[in-house]
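Since the model is a prediction, treat every value here as computed from it, not as a measurement. Counting starts at 1 for both ligands and their atoms, following the listed order.
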Amino acid sequence: MSTLTVPYLNIADPEFAMDSEAVRAARDANWYAETNYGLAILSYEDNAALMKSTHFIQGSAQWPEHNGVHSGPFHDWWKENLLVLEGADHDRIRRLTNPAFSPRKIKKLAGRFDELANELIDNWIDRGEVEFVNEFAAPFATRVLCILLGIDEADWVKINDLGSKIGAALGVTFKEEQESIDAALTELQEYGAALIRDRQENPKDDFLTRLVSENRDGDKLTDAELQNLVVLLIFGGMDTTRNQLGLAMQSFSKQPEQWEKLAAEPEKYAKNAVEEMLRLNPTTRWVTREAAETFEYKGLTIEQGTTVHMFTMISGTDPEAFIDAEQIDLDAERAPNFAFGGGVHNCIGQFVARSDMMAALPALATRITDLQIGNATWLPDSGNTGPENLPVRFTKR
Ligand code: HEM
């Protein structure tokens, strides 16, 4: 056993906040903490060492049951999705899905992401204020997925509505909202099925056609697997990107000199601007794992079945790993962050997310300045966070 004092964090407490002195103090005291749901890994070094460990599985398969949901469309969809599949089943779907996400192919969409960002900014730039979530981040994130999947962009409101309803399954009201979650999931599955049929019958030079036609040694994704995946891509890509853009505005509003630096040389700094947001203020505050077997790490026995939360934000601001860790520094060379997780379950959409945010942040920085955040409302600062509503006042350049 470790001889250091082990801090305790009550991560179920409604008052718990990842961005807090209590969590920073825990990290500065020890590399891990005990929580009411297993362990939390706090230091950068140990997140880096354990994030890809093969002693762990992703471990969210029982999420519906833990919330009292034992059947129904969401339950059945969840059990089959890439995020919770393990071992050979996971590897197979990943192998058949990865080529569609080839960075070279996704890169071709960058120009369209840039146009989209500017089109949205045009709608409100003359007002000097914007409700950033609903007038930029949500339409941007959803329309990016429409572009990727070849969905008519005019349908974004519908996709956003269905995706948000399904997203409630990750919250505390899952059981109460099961009926609406199941109805939204069924509608999105039908929507996805029609898209898939269309590409099977009328192949195009696009992402979905690549996904539908990928064939490895005679193995292909089945229609049911494709349908499941389309729903997962919307589910996994929409709220995350929306939240991350809101968090980026929050961070840059506190460091206007870095916003000016990005505005002055957007091509030079776009990449680091995105990486600094992901390191300093990630929407995925933690990534969850479950020990698949009992093992020893640094003298600590981690028993099979233990839930382990990899604390991404607090490891990304670990002063042992980063100079001026709590500050955006667009010129710094930083070690990799864990906002997209790591190991076999790492975010398959990360190149899409990086490309679209590398379009969004420079478009914003080059067109608006003097960011002033108004009275925002926020999701709880645990698991996944971000603003629900983010009024921003600014000066048009
Ligand atoms: C800022 C945006 C995003 C963030 C912060 C994010 C974060 C994450 C994280 C933390 C994971 C789990 C990684 C792990 O357990 O190691 C994940 C998995 C996943 N993400 Fe993302 N994501 C984003 C955007 C997207 C987009 C745009 C898509 C789809 C186009 C997507 C699709 C997925 C999928 C399918 C998985 C499951 C992968 C697997 O289990 O093999 N994500 N994401």
Side-chain angles (χ1 to χ4, degrees), residues 41 47-48 50-54 56-61 77-78 80-87 89-98 100-103 105-106 109 113 137 140-151 159 163 167 170 207-208 211 225-226 228-248 274-275 277-290 307-313 315-316 336-361 383-386:
I41 308 300
N47 268 273
L50 289 172
M51 187 65 85
K52 296 181 182 174
S53 166
T54 51
F56 290 124
I57 54 171
Q58 205 277 346
S60 303
W77 169 74
W78 184 257
E80 296 296 326
N81 89 48
L82 187 65
L83 190 66
V84 309
L85 291 178
E86 307 288 358
D89 292 340
H90 176 265
D91 292 352
R92 177 180 161 265
I93 306 242
R94 218 29 220 229
R95 202 171 50 243
L96 291 167
T97 308
N98 271 335
F101 282 95
S102 130
K105 303 261 172 54
I106 301 293
L109 300 175
F113 295 158
F140 183 79
T142 316
R143 285 175 65 177
V144 159
L145 289 164
C146 292
I147 293 167
L148 184 73
L149 293 168
I151 299 174
I159 301 291
L170 294 186
F207 171 84
L208 198 57
L211 208 56
E225 286 165 345
L226 284 163
N228 184 312
L229 201 59
V230 167
V231 174
L232 179 65
L233 297 180
I234 293 171
F235 182 78
M238 202 180 78
D239 289 8
T240 43
T241 307
R242 181 198 66 210
N243 288 339
Q244 192 62 60
L245 287 170
L247 291 161
V274 170
E275 294 308 316
M277 294 308 93
L278 293 167
R279 176 187 68 81
L280 190 68
N281 208 356
T283 173
T284 40
R285 298 302 221 207
W286 68 58
V287 174
T288 307
R289 295 284 184 267
E290 182 185 311
T307 298
V308 179
H309 296 289
M310 306 292 181
F311 273 17
T312 51
M313 178 190 196
S315 72
N337 61 72
F338 304 118
F340 292 115
V344 295
H345 281 280
N346 74 63
C347 176
I348 201 168
Q350 59 186 280
F351 197 76
V352 178
R354 286 191 159 106
S355 304
D356 69 48
M357 293 189 294
M358 276 173 64
L361 293 183
N384 291 340
T385 195

Would you call Thr54 and Val344 a side-chain contact if the rule is heavy atoms closer than 4.5 Å?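 In short, these two side chains do not touch, never coming nearer than 4.5 Å.
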Tell me, which protein residue and heavy-atom name are nearest [atom], and how many Å apart are they?
atom	answer
atom 27 (C) of ligand 1	Gly237 CA, 3.6 Å
atom 23 (C) of ligand 1	Thr240 OG1, 3.5 Å
atom 10 (C) of ligand 1	Ala339 O, 3.3 Å
atom 34 (C) of ligand 1	Ile348 CG2, 3.7 Å
atom 6 (C) of ligand 1	Phe340 CD2, 3.6 Å
atom 40 (O) of ligand 1	His345 ND1, 2.6 Å
atom 37 (C) of ligand 1	Leu83 CD1, 3.6 Å
atom 15 (O) of ligand 1	Arg289 NH1, 2.9 Å

Classify the ring geometry between His309 and Trp286 as parallel (under 30°), tilted (30 to 60°) or perpendicular (over 60°).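 Answer is tilted, since the angle falls between 30° and 60°.
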Taking all atoms of both residues into account, what is the closest heavy-atom pair of [X] and [Y], and its distance?
X	Y	answer
Leu170	Trp78	CD2-CH2, 4.2 Å
Met238	Ile159	SD-O, 3.9 Å
Gly237	Leu145	C-CD1, 3.7 Å

Nearest heavy atom to atom 41 (O) of ligand 1 wins, so pick from Arg94, Arg354, Arg285.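 Among Arg94, Arg354, Arg285, the closest heavy atom to atom 41 (O) of ligand 1 belongs to Arg94.
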Does [X] have a heavy atom less than 4.0 Å from any atom of ligand 1?
X	value
Met357	yes
Met51	no
Gly343	no

Under 4.0 Å, heavy-atom basis, I'd like to know which part of [X] is in contact with ligand 1: side chain, backbone, both or neither.
X	answer
Val287	side chain
Cys347	both
Leu82	both
Thr283	side chain
His90	side chain
Gln244	side chain

I'd like to check which ligand 1 atoms, numbered from 1 as shown, lie under 4.0 Å from a non-hydrogen atom of [X].
X	result
Leu232	35 (C)
Ala353	2 (C), 24 (C)
Gly341	10 (C), 13 (C), 14 (C), 16 (O)

Scan Leu149, Leu208, Val352 and name whichever one has a side chain to side chain contact (heavy atoms under 4.5 Å, CB included) with Leu233.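 Of the listed options, the one satisfying the test is Leu149.
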How many angstroms lie between atom [atom1] of [X] and atom [atom2] of [Y], to the nearest 0.5 angstrom?
X	Y	atom1	atom2	value
His345	Arg94	NE2	CZ	8.5 Å
Gln244	Phe340	CD	CZ	7.0 Å
Leu85	Glu225	CG	CD	8.5 Å
Leu82	Thr97	CG	OG1	6.0 Å
Met313	Thr283	CE	OG1	11.0 Å

N or O contact, Gly342 vs ligand 1, cut-off under 3.5 Å: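 Yes; at least one N/O pair falls below 3.5 Å.
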Check this for me - ligand 1, Gln58, N or O atoms closer than 3.5 angstrom, yes or no?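 No, Gln58 has no N/O under 3.5 Å of an N/O on ligand 1.
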